[in-house]
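Below, read A as the first sequence line, B as the second, and so on, with proteins coming before strands; counting in each chain starts at 1.
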Amino acid sequence: EVLKEIALEGFKSFRDKTVFKFDGLLTGVVGPNGSGKSNVVDAIKWILGDPSPRSIRAQTGLEAIYRPANGNGDSAGFASVAIKIDNTETEIEGEPTEWEIERRYYKSGESVYTLNGKTARLKDIRAIMARKGFGLGSLSVVGQGEIDGFLSLVPGDRRLVFEDLA
Amino acid sequence: EVLKEIALEGFKSFRDKTVFKFDGLLTGVVGPNGSGKSNVVDAIKWILGDPSPRSIRAQTGLEAIYRPANGNGDSAGFASVAIKIDNTETEIEGEPTEWEIERRYYKSGESVYTLNGKTARLKDIRAIMARKGFGLGSLSVVGQGEIDGFLSLVPGDRRLVFEDLA
Amino acid sequence: SEKAFVSTFNVAKEKFAATFGALFPGGSGELGLTEPENPLDSGIDVRVRFPGKGELDLLQFSGGERSLIALALLFAILKVKPSSFTVLDEVEAALDDVNTQKFLDYLGKEFSDRQFILITHNKITMERADRLYGVTMRGGGGVSQVVSVDFKNLKQDEVDELIGAA
Amino acid sequence: SEKAFVSTFNVAKEKFAATFGALFPGGSGELGLTEPENPLDSGIDVRVRFPGKGELDLLQFSGGERSLIALALLFAILKVKPSSFTVLDEVEAALDDVNTQKFLDYLGKEFSDRQFILITHNKITMERADRLYGVTMRGGGGVSQVVSVDFKNLKQDEVDELIGAA
Ligand SMILES: Nc1ncnc2c1ncn2[C@@H]1O[C@H](COP(=O)(O)OP(=O)(O)OP(=O)(O)O)[C@@H](O)[C@H]1O
Ligand SMILES: Nc1ncnc2c1ncn2[C@@H]1O[C@H](COP(=O)(O)OP(=O)(O)OP(=O)(O)O)[C@@H](O)[C@H]1O
Ligand SMILES: [Mg+2]
Ligand SMILES: [Mg+2]
């Protein structure tokens with residue numbers, strides 16, 4: 001497996017650092033309505049670099065940061081999502097056996113990406129992800145309610161799905 | 001109960017005359033995917049006089065008429081939906097104790113409404129239905145997948161729902 | 001007319017607050033006009049808070065929460081303008097079991113004098129029905145047939161065949 | 001470029017026919033270009049036939065049938081451009097039990113070397129997972145917490161609490 005784990009902290013309803021390990025082939029996520037399952041899906045879209053707040057069901061970037069209900073307590077200072085990718089089968093000399101990519105968004109509006117602990121440019125991170133088969137375009141995330149839109153009645157929309165492939 | 005039964009014949013996947021009696025308060029309709037459940041909902045929208053083919057998931061009026069799979073056999077000559085409405089508690093002298101309203105659509109494109117066996121105008125039928133609390137506007141039918149659209153993010157759309165009420 | 005619209009709207013507003021409060025004790029639901037000084041052109045605002053949670057933009061609610069808000073709105077409107085029967089096609093598809101029970105309890109309690117027709121794949125909903133119809137295309141010929149099902153007395157394999165169960 | 005697009009499209013076309021045929025023996029699935037002489041501006045046409053049924057316009061299929069067609073298309077695209085992992089959020093919500101089993105069987109068989117993360121309320125899906133995470137907001141404070149669930153060894157009431165079951 002390539003995706004080893006994902007950690008959320010201060011991201012939407014995940015106030016405290018929460019880690020999901022993906023050591024099997026089929027991982028299920030269950031829970032009551034409104035408990036935070038789709039927020040995990042949003043976290044994955046967000047770390048893959050999806051630029052638009054709307055795709056994580058937020059109006060602004062700030063709405064990605066944990067905010068307490070009815071003002072009990074403070075909102076988080078930043079939203080953070082980090083993924084660990086296995087890199088043992090790399091063809092490139094001298095690369096680490098694992099990539100840890102983190103995206104942080106601060107209340108100030110500043111967005112910071114780090115690669116194995118060091119600040120990195122989104123461009124470099126995207127290149128690594130594309131090489132490992134991670135990328136938004138490859139249809140790796142189908143959000144809640146999106147499966148029906150996939151067949152969207154307008155044939156032109158459907159073409160966009162294929163353009164990513166070419 | 002006011003709605004006593006509905007009968008479909010030649011309507012969408014209901015080739016043969018099929019009757020649903022509604023003698024309880026809560027009637028459930030179950031069945032595998034694609035078996036014809038939502039076609040019953042379309043039949044109810046259709047008999048209530050919904051004018052647009054799209055609201056019964058058809059491109060044209062003709063698509064309401066039963067058509068066999070792969071041409072085995074003939075398509076029906078007409079689509080028919082009939083409902084029986086209880087009228088025992090009427091305030092109007094001389095009215096029958098039951099209304100039977102039928103809508104037929106012929107392959108020729110001709111559409112015929114009958115009231116207790118006699119041809120009637122849509123206007124007269126609509127008046128009876130409104131008196132008995134049947135009507136498209138009163139939100140009496142929520143189709144598959146429509147519940148989420150109900151909250152449609154555009155406040156203007158939501159107003160239309162209320163306009164029906166006033 | 002404006003007067004009629006405003007007075008109907010105010011009734012709906014009251015009913016929505018009461019319905020949402022009854023479904024989610026500790027939460028609150030409110031309808032508002034986006035342009036109160038110009039009611040006939042105004043949009044309708046829906047603001048809700050689930051128990052233990054803050055006020056959110058409609059976009060931020062989960063799939064199940066959106067269905068619940070829409071159902072509370074539907075129930076409120078049905079109280080304003082009673083229709084004699086209501087057809088709901090898989091409206092509980094996004095709900096977990098607890099919320100499905102809640103929705104059915106409310107429906108049974110508040111609308112005990114009105115006919116409902118529920119299309120469903122959910123076993124909890126099936127069990128509540130006074131009468132259950134199974135729609136199938138036995139023999140796979142594309143023709144819908146109906147059988148009346150007595151859920152409580154049916155053998156398990158008969159029920160399975162009807163509801164498309166494994 | 002046009003050449004790359006057409007060649008990728010032709011691979012996807014082949015995969016779609018094979019995927020749909022494998023899922024629905026006796027049916028057929030075909031992708032086409034609405035304007036074959038102008039591929040880069042053309043829309044994509046999806047034509048399918050379920051076993052025992054005729055060819056229909058996309059509008060006429062049932063809710064479950066549309067999800068199945070979209071899933072077959074997704075699977076075909078994943079075969080053309082493999083991504084290292086795939087996240088699916090309640091994609092089987094509209095499916096009956098038989099089709100849910102079919103979808104999971106196909107996923108297990110055809111993509112046994114790829115990681116899937118499935119968000120679900122469906123017990124059949126949960127049982128297939130190698131590893132299951134429960135997301136809850138225990139204590140109702142609006143903060144998501146995660147517990148790892150060993151579905152097979154958990155007591156029934158613990159499972160119920162996690163999946164929002166009655
Ligand atoms: N910035 C934020 N801070 C705190 N909580 C948030 C934030 N954004 C969203 N939420 C919470 O996340 C909840 C929605 O969670 P999510 O959509 O993941 O639920 P879900 O488990 O997928 O439910 P369903 O089964 O209904 O689809 C909202 O009700 C809200 O309480
Ligand atoms: N004019 C027609 N003639 C014959 N069959 C038709 C016609 N129009 C639609 N159908 C059939 O109706 C089927 C769709 O039925 P329907 O939408 O009622 O299914 P459903 O029971 O609601 O399924 P789901 O559980 O997936 O929502 C189509 O697959 C098609 O075979
Ligand atoms: Mg969700
Ligand atoms: Mg349906």
Report task. Report, by ascending residue number, the residues of residues 26-42 of chain C in heavy-atom contact with chain B at a distance under 4.5 Å; give 'none' if the set is empty. Result -> C:Leu31, C:Thr34, C:Pro39, C:Leu40, C:Asp41, C:Ser42
Query - Reference residue C:Phe75; test ring-ring contact (aromatic ring centres under 6.0 Å, His included); the match among C:Phe16, C:Phe116, C:Phe20, C:Tyr106 - result: C:Tyr106
Report summary line: The side-chain contact (heavy atoms from CB on, under 4.5 Å) partners of C:Ala94 (sequence neighbours excluded) come to C:Ser67
Query raised in the report: Is the closest basic N to carboxylate O distance between C:Arg128 and C:Asp105 below 4.0 Å?
Result: yes
Report task. Just give me the residue among B:Leu3, B:Val40, B:Val2 that pairs up with chain C most often, heavy atom to heavy atom, under 4.5 Å. Result -> B:Leu3
Query raised in the report: Is the C:Phe50-C:Phe61 ring centre distance short of 6.0 angstrom?
Result: yes
Query raised in the report: Given the options B:Phe20, B:Tyr66, B:Phe22, which has more heavy-atom pairs under 4.5 Å with chain C than any of the others?
Result: B:Phe20
Report summary line: Nearest heavy-atom contact between C:Ile119 and B:Val41 is CD1-CG2, 3.6 Å
Query raised in the report: Do NZ/NE/NH1/NH2 and the carboxylate oxygens of B:Lys84 and B:Glu102 come within less than 4.0 Å?
Result: no
Query raised in the report: Looking at B:Asp16, B:Leu26, B:Ile85, B:Asp148, which has the largest count of heavy-atom pairs under 4.5 Å with chain C?
Result: B:Leu26
Query - Qualifying residues under side-chain contact (heavy atoms from CB on, under 4.5 Å), relative to B:Gln59, sequence neighbours excluded - result: B:Arg54, B:Glu63, D:Asp57, D:Leu59
Query raised in the report: C:Asp130, C:Val6, C:Ile44: which one forms the most heavy-atom pairs within less than 4.5 Å of chain B?
Result: C:Ile44
Query raised in the report: With distance as the sole test, does C:Lys15 use its side chain to make a donor-acceptor pair with the main-chain N or O of C:Val80 at under 3.5 Å?
Result: no
Query - chain B interface, residue from C:Met137, C:Gln145, C:Gln115 that has the most non-hydrogen pairs under 4.5 Å - result: C:Gln115
**Report entry** chain C contact via B:Lys21 - side chain, backbone, both or neither, heavy atoms under 4.5 Å
**Finding:** both
Requested in this report: Specify which of B:Gly36, B:Gly24, B:Ser13 makes the most heavy-atom pairs with chain C at under 4.5 Å.
Outcome: B:Ser13
Report task. Check each atom of B:Lys37 against the heavy atoms of chain C and say whether the ones under 4.5 Å are side chain, backbone, both or neither. Result -> both
Query - Top contributor to chain C contacts, counting heavy-atom pairs under 4.5 Å, from B:Val19, B:Leu25, B:Asn39, B:Asp23 - result: B:Leu25
Report task. Could you check C:Thr125, C:Thr100, C:Asn122 and say which one makes a side-chain hydrogen bond (donor to acceptor under 3.5 Å, both in side chains) with C:Glu92? Result -> C:Thr125
Query raised in the report: Who passes side-chain contact (heavy atoms from CB on, under 4.5 Å) against B:Thr90, sequence neighbours left out?
Result: B:Asn87, B:Ile92, B:Glu95
Query - Residue pair B:Tyr105 / B:Arg103, side-chain donor-acceptor N/O under 3.5 Å - result: no
Query raised in the report: Between B:Thr18 and chain C, which part of the residue has a heavy atom less than 4.5 Å away: side chain, backbone, both or neither?
Result: side chain
